Amino acid sequence: MTSKLGDSSGKWWRELDRRQRGFLVVGAAVEGALKVAMLTDLKRRPQSQVRGPKWAWAAATVINSAGLIPVTYFVYGRLRPTA
């Protein structure tokens, strides 16, 4: 059974050309890798080095599907350790 994609194009997977399918697969892989990297870093990093509650960052990345939360975390959410 084939399902419709969740975007506004209303296309079926089988209606996409090879390039479009490849773009979706690569995009999903990058998003997944960013989420895994963020959650791993978040788990290992002490709370004192994270802006805001760790649970909120984790919840936001699990709910978010655009990959923006992991990028925001790596740019803004981590504090530099003080020597």
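Owing to the predicted nature of the structure, the values given are computational and were not obtained by experimental measurement. The basis for the numbers below is simple: all heavy atoms, side chains too, and nothing from hydrogens, waters or symmetry mates.
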Euclidean distance, Thr61 OG1 relative to Lys35 NZ, rounded to 0.5 Å: 5.0 Å

Listed once per pair and sorted, the ring-ring contact (aromatic ring centres under 6.0 Å, His included) pairs that draw on residues 26-56, sequence neighbours left out: none

Candidate pair Val50 and Arg78, rule side chain to side chain contact (heavy atoms under 4.5 Å, CB included), full reasoning: CA-CA 5 Å; Val50 177; Arg78 303 186 310 169; 5.9 Å; no

Residues that Gln49 engages under side-chain hydrogen bond (donor to acceptor under 3.5 Å, both in side chains), provided they are two or more places apart: Arg45

Partners meeting side chain to side chain contact (heavy atoms under 4.5 Å, CB included) with Leu34 (sequence neighbours left out): Val30, Pro70, Val71

Partners meeting salt bridge (charged side-chain N to carboxylate O under 4.0 Å, His left out) with Arg21 (sequence neighbours left out): none

Arg19 atom CZ: more than 12 heavy-atom contacts under 6.0 Å: no

Side chain to side chain, Trp13 and Leu24, heavy atoms closer than 4.5 Å: yes

Gap between atom CZ of Phe74 and atom CD1 of Ile69 - 0.5 Å precision: 12.5 Å

ring-ring contact (aromatic ring centres under 6.0 Å, His included) partners of residues 34-54, not counting sequence neighbours, each pair once: none

Residues clustered with Leu79, ILVMFWY side-chain links under 4.5 angstrom: none

Aromatic plane relationship, Tyr73 with Trp57 - under 30° parallel, 30 to 60° tilted, over 60° perpendicular: perpendicular

Any donor-acceptor N/O pair, Gln47 side chain to Gly52 backbone, under 3.5 Å: yes

Between CG on residue Leu68 and CD on residue Glu31, distance to nearest 0.5 Å: 9.0 Å

